[in-house]
Amino acid sequence: MTEIKEILFTREEIQKKVQELGKIISNDYKGKKLILVGILKGAVPFMADLMREIDLDLEYDFMDVSSYSGTTSVGEVRILKDISTHIEGKDVLFVEDIIDTGLTLSYLTDLFKSRAANSVAITTLLSKPKRRKIDIYVKYIGYEIEDKFVVGYGMDYNEKFRSLPYIGVLDESILHK
């Protein structure tokens, strides 16, 4: 695929990392009422794989939130679809594909604490610490990456590339077309 400049993580590398995260999360949440909250659309492949690696009885739900216009964060978080599950007294683990600025997850963490969740934590497959605009604690991180535009395994550019089984760096000339 000529639009992909390089492959950062293969399907096998991702699978291994998800297994590692699943074991750690299983251990950390043993005996707790865990609910995974996936952030649509990008987190779907990661969450589907991760929940199968967590050896616990858990619940899950999804939220659709937006803080972007095109490829730029606008800083305002809008909830397009909220969860339908009650979280009071439960341990919430947000599942995200990639954390950039931290604005969305900071907003959601505060929101869910105000909704009386027992605890609120975050897991992400990818983290871009150099892009942070707000200091946010991410409990479980698959990989820290440089500030590159990545696609695949749920991540997209204009709704393309989500179904790639690997994570690749997009050729930036495509962004300027």
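What's counted below: heavy atoms across the whole structure, side chains too, no hydrogens, waters or symmetry copies. Computed from a predicted structure; not experimentally measured.
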* Output all residues satisfying side-chain contact (heavy atoms from CB on, under 4.5 Å) with Lys16, sequence neighbours left out; order by chain, then residue number. => Glu20
* Structure fact -> Residue set satisfying salt bridge (charged side-chain N to carboxylate O under 4.0 Å, His left out) with Glu13, at least two apart, ordered chain then number -> none
* To do: Using the test side chain to side chain donor-acceptor pair (under 3.5 Å), find all partners of Lys30 that sit at least two apart in sequence or belong to another chain.
  => none
Taking atom [atom1] as the centre, does [X] end up with more than 12 heavy-atom neighbours from other residues, nucleotides or ligands that are less than 6.0 angstrom away?
{"X": "Asp82", "atom1": "CG", "value": "yes"}
{"X": "Arg11", "atom1": "CZ", "value": "no"}
{"X": "Asp147", "atom1": "CG", "value": "yes"}
{"X": "Lys41", "atom1": "NZ", "value": "no"}
{"X": "Lys81", "atom1": "NZ", "value": "yes"}

* To do: Spell out, as yes or no, whether a donor-acceptor pair under 3.5 Å connects the side chain of Asp171 to the backbone of Ser173.
  => yes
* Which heavy atom of Val77 sits nearest a heavy atom of Val65, and at what distance? -> CG1-CB, 4.4 Å
* Indicate the atoms forming the closest heavy-atom contact of Lys139 with Ala121, along with that distance. => CD-CB, 4.0 Å
* Side-chain H-bond candidate by donor/acceptor type, Thr85 with Asp61, under 3.5 Å -> yes
* **Reference residue Tyr140; test side-chain contact (heavy atoms from CB on, under 4.5 Å); the match among Ile122, Thr124, Leu93** => Leu93
* Structure fact -> Which of Ile39, Ile83, Val44 passes side-chain contact (heavy atoms from CB on, under 4.5 Å) with Phe62? It is Val44
* Please step through ring-ring contact (aromatic ring centres under 6.0 Å, His included) for the pair Tyr166 and Tyr153, ending with a clear verdict. => CA-CA 6 Å; Tyr166 57 84; Tyr153 197 68; over 10 Å; no
